Amino acid sequence: MTPANNGVPGESGSGQSRFDILYEDNHLLGIVKPVNIPVQEDATGDKDLLTLLKEDVKERYAKPGNVFMGLVHRLDRPVGGAMIFAKTSKAASRLSESVRTHAFHKVYLTVVHGQPPKTQGRLVDTLLKDPKSNTVSIVRRGTPGGKEAILDYTVIGSAEGYSLLKIDLLTGRSHQIRVQLSGIGCPLYGDQKYGAAVNRPGQQIALWSALTRFPHPVTKEDVELISLPPGAYPWNLWTPTIQKQAIR
């Protein structure tokens with residue numbers, strides 16, 4: 001089920017949201033996360049998405065008091081695309097359980113330098129995060145603090161020295177896609193942290209949350225959020241039709 005973004009079942013808000021809403025009802029809020037906004041408060045002190053969404057809901061529905069907004073999954077600050085939030089604690093708890101039981105499915109699109117050795121493949125690595133530098137590295141299996149990271153990739157097409165990949169994320173580790181693809185010699189376009197040698201400062205990272213699918217925490221019906229990348233370079237090397245077909 002892919003609900004339209006026009007109308008809010010069970011609610012009667014009169015205001016216009018400042019966000020691109022993919023889905024909303026009494027329990028959930030699905031939006032297109034803008035790039036370069038932190039999902040939650042970080043060391044920069046910049047306004048974070050959770051705070052902005054609470055303000056947005058409070059204004060649109062003239063809600064008194066505090067607004068609940070539950071964070072279920074994360075996207076790196078420079079990454080945009082489909083993202084779901086819980087509007088009640090019960091929904092947050094049930095969605096978190098879906099994540100734990102792998103009933104929560106996420107598909108990404110990304111543009112990388114070069115081309116992976118196979119048109120389809122699975123990457124399995126052990127990742128270790130350094131909180132001080134906020135960087136992640138691939139380490140030997142069994143390294144203390146290391147966590148297993150698994151993703152499947154499919155090459156959709158190649159052009160001008162870049163490849164468009166579909167990524168099925170099987171684990172949700174910090175910076176996982178960026179680190180694992182850099183590890184096979186295919187750093188993401190625009191990634192300054194894990195591809196500084198081949199990217200120019202100021203380039204926007206080409207990583208997008210294109211599809212999020214999960215069982216509704218109350219109705220149990222499948223909810224599917226779809227968001228295609230912006231039409232800027234290098235995304236425009238492939239048509240929106242190709243991109244949409246890739247994630248199905």
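Bear in mind that the values here come from a model prediction, so they are computed numbers and not experimental data. Throughout, residue positions are numbered sequentially from 1 according to the sequence presented.
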Exercise. What pairs of residues pass the salt bridge (Lys or Arg N to Asp or Glu O under 4.0 Å) test when at least one of them lies in residues 103-115, not counting sequence neighbours?
Worked result: none
For this session: Measure the CG-CD distance between Leu29 and Glu24 for me, rounded to the nearest 0.5 Å.
Result: 5.0 Å
Problem set entry | Flag side-chain contact, heavy atom, 4.5 Å: Leu169 against Gln176 | yes
Exercise. Any luck finding a side-chain donor-acceptor pair between Glu160 and Tyr233 under 3.5 Å?
Worked result: yes
For this session: Determine whether the side chains of Gln115 and Ser158 contain a donor N or O and an acceptor N or O closer than 3.5 Å.
Result: yes
Exercise. From Lys33 NZ over to Ile84 CD1, what is the distance, rounded to the nearest 0.5 angstrom?
Worked result: 15.5 Å
Seminar exercise, completed: Contacts of Ile37 meeting side-chain contact (heavy atoms from CB on, under 4.5 Å) (sequence neighbours excluded), chain-then-number -> Pro34, Leu49, Leu52
Exercise. Taking only residues two or more places apart in sequence or in another chain, which ones pass salt bridge (Lys or Arg N to Asp or Glu O under 4.0 Å) with Arg18?
Worked result: Glu55, Asp56, Glu59
Distance-only criterion, 3.5 Å: show the donor-acceptor pairs between side-chain atoms of residues 129-140 and protein atoms not counting sequence neighbours.
from   : atom 1 : to     : atom 2 : distance (Å)
Lys129 : NZ     : Ser174 : OG     : 3.4
Asp130 : OD1    : Lys132 : N      : 3.0
Asp130 : OD2    : Ser133 : OG     : 3.3
Ser133 : OG     : Thr135 : OG1    : 2.6

For this session: List in chain and number order the residues that pass side-chain contact (heavy atoms from CB on, under 4.5 Å) with Ala103, two or more places apart in sequence or in another chain; answer none if no residue qualifies.
Result: Ser98, Thr101, Pro215
Problem set entry | Heavy-atom check, side chain of Val32 versus side chain of Leu22, under 4.5 Å | yes
Exercise. Would Phe214 and His105 satisfy ring-ring contact (aromatic ring centres under 6.0 Å, His included), going step by step from the backbone distance to the final call?
Worked result: CA-CA 6 Å; Phe214 53 89; His105 185 55; over 10 Å; no
Exercise. If you look at every heavy atom in Leu109 and Ala210, which pair is closest and at what distance?
Worked result: CG-CB, 4.0 Å
For this session: Mind listing the closest non-hydrogen atom pair of Pro229 and Trp235 along with its distance?
Result: CB-CD2, 3.3 Å
Exercise. Taking 4.0 angstrom as the limit, do Arg178 and Asp76 come out as a salt bridge?
Worked result: yes
Exercise. Shared ILVMFWY cluster between Ile21 and Met83, side chains joined below 4.5 angstrom?
Worked result: yes
Problem set entry | Joint hydrophobic cluster, Val155 plus Ile167, side-chain heavy atoms closer than 4.5 Å | yes
Problem set entry | Any residue meeting side-chain contact (heavy atoms from CB on, under 4.5 Å) with Lys58, in chain and number order, not counting sequence neighbours | Val67
Problem set entry | For Ser182, all residues meeting side chain to side chain donor-acceptor pair (under 3.5 Å), sequence neighbours excluded | none
Exercise. Would you say Gln40's side chain and Asp48's backbone share a donor-acceptor pair under 3.5 angstrom?
Worked result: no
Problem set entry | Where Ala196 and Gln192 come nearest, the two heavy atoms and their spacing | CB-O, 3.3 Å
For this session: Rounded to the nearest 0.5 Å, what's the gap from CD on Gln243 to CD on Gln245? Could you check?
Result: 10.5 Å
For this session: Give the minimum heavy-atom separation between Lys166 and Ala246, together with the two atoms involved.
Result: CD-O, 3.0 Å
Exercise. Considering only heavy atoms from C-beta outward, does the side chain of Lys193 approach that of Ile205 to under 4.5 Å?
Worked result: no
Exercise. Side-chain contact, heavy-atom cut-off 4.5 Å: Arg248 with Ile226?
Worked result: yes
Problem set entry | Under 3.5 Å donor-acceptor, Thr239 side chain and Ile242 backbone | yes
Seminar exercise, completed: Sorted by chain and number, sequence neighbours left out, ring pair (Phe, Tyr, Trp, His ring centres under 6.0 Å) with Tyr108 holds for none
Exercise. How far does CG of Leu151 sit from CG of Leu181, to the nearest 0.5 angstrom?
Worked result: 6.0 Å
For this session: Report yes if the side chains of Val111 and Leu188 come closer than 4.5 Å at any heavy-atom pair, otherwise no.
Result: no
For this session: Each residue besides Leu170 in its hydrophobic cluster should be listed here, by chain and number; the cluster joins Ile, Leu, Val, Met, Phe, Trp and Tyr at side-chain heavy-atom distances under 4.5 Å.
Result: Val124, Ile150
Problem set entry | Shortest non-hydrogen contact from Leu75 toward Gly81 | CD1-O, 4.3 Å
For this session: With rounding to the nearest 0.5 Å, note down the distance linking CD1 in Ile177 to CG in Leu165.
Result: 10.0 Å
Problem set entry | Closest heavy-atom pair and its distance - Val39, Leu71 | CG1-CD1, 3.3 Å
Problem set entry | Side-chain heavy atoms of Phe85 within contact of Leu53, under 4.5 Å | yes
Problem set entry | Heavy-atom check, side chain of Leu237 versus side chain of Leu164, under 4.5 Å | no
Seminar exercise, completed: Residues at least two apart in sequence or cross-chain that pass side-chain contact (heavy atoms from CB on, under 4.5 Å) with Val35, listed by chain then number, are Gln204, Trp208
Problem set entry | Backbone of Leu127 reached by a side-chain donor or acceptor of Asp125 within 3.5 Å | no
Exercise. Any sub-3.5 Å donor-acceptor pair from Thr110's side-chain atoms to Ala206's backbone N or O?
Worked result: yes
Exercise. With sequence neighbours excluded, what pairs up with Arg173 under the salt bridge (Lys or Arg N to Asp or Glu O under 4.0 Å) test?
Worked result: none
For this session: Show your working on side chain to side chain donor-acceptor pair (under 3.5 Å) between Thr212 and Glu224 and close with a plain yes or no.
Result: CA-CA 6 Å; Thr212 301; Glu224 188 175 85; over 6 Å; no
Problem set entry | Main-chain N/O of Gly190 paired to Asn199 side chain as donor or acceptor, under 3.5 Å | yes
For this session: Hey, could you give me each pair passing ring pair (Phe, Tyr, Trp, His ring centres under 6.0 Å) that has a residue in residues 137-163? Not counting sequence neighbours.
Result: His113-Tyr162, Tyr162-Tyr189
Problem set entry | Any donor-acceptor pair under 3.5 Å from Thr154 side chain to Gln120 backbone | no
Exercise. Does atom CD of Glu97 have more than 12 heavy-atom neighbours from other groups under 6.0 Å away?
Worked result: yes
Problem set entry | ILVMFWY network linking Tyr194 to Ile184, side-chain heavy atoms under 4.5 angstrom | no
Exercise. Are Val79 and Ile31 joined in one hydrophobic group, where the rule is that I, L, V, M, F, W and Y side chains link up if heavy atoms are under 4.5 Å apart?
Worked result: yes
For this session: Evaluate the criterion side-chain contact (heavy atoms from CB on, under 4.5 Å) for residue pair Leu95 and Leu28; output intermediate values, then yes/no.
Result: CA-CA 10 Å; Leu95 281 180; Leu28 305 173; 3.5 Å; yes
For this session: Start with the C-alpha gap between Lys87 and Phe68, add the side-chain angles, then the distance that decides, and say whether side-chain contact (heavy atoms from CB on, under 4.5 Å) holds.
Result: CA-CA 6 Å; Lys87 294 171 71 175; Phe68 179 89; 5.6 Å; no
Problem set entry | Separation of Met69 CE from Leu50 CG (nearest 0.5 Å) | 7.5 Å
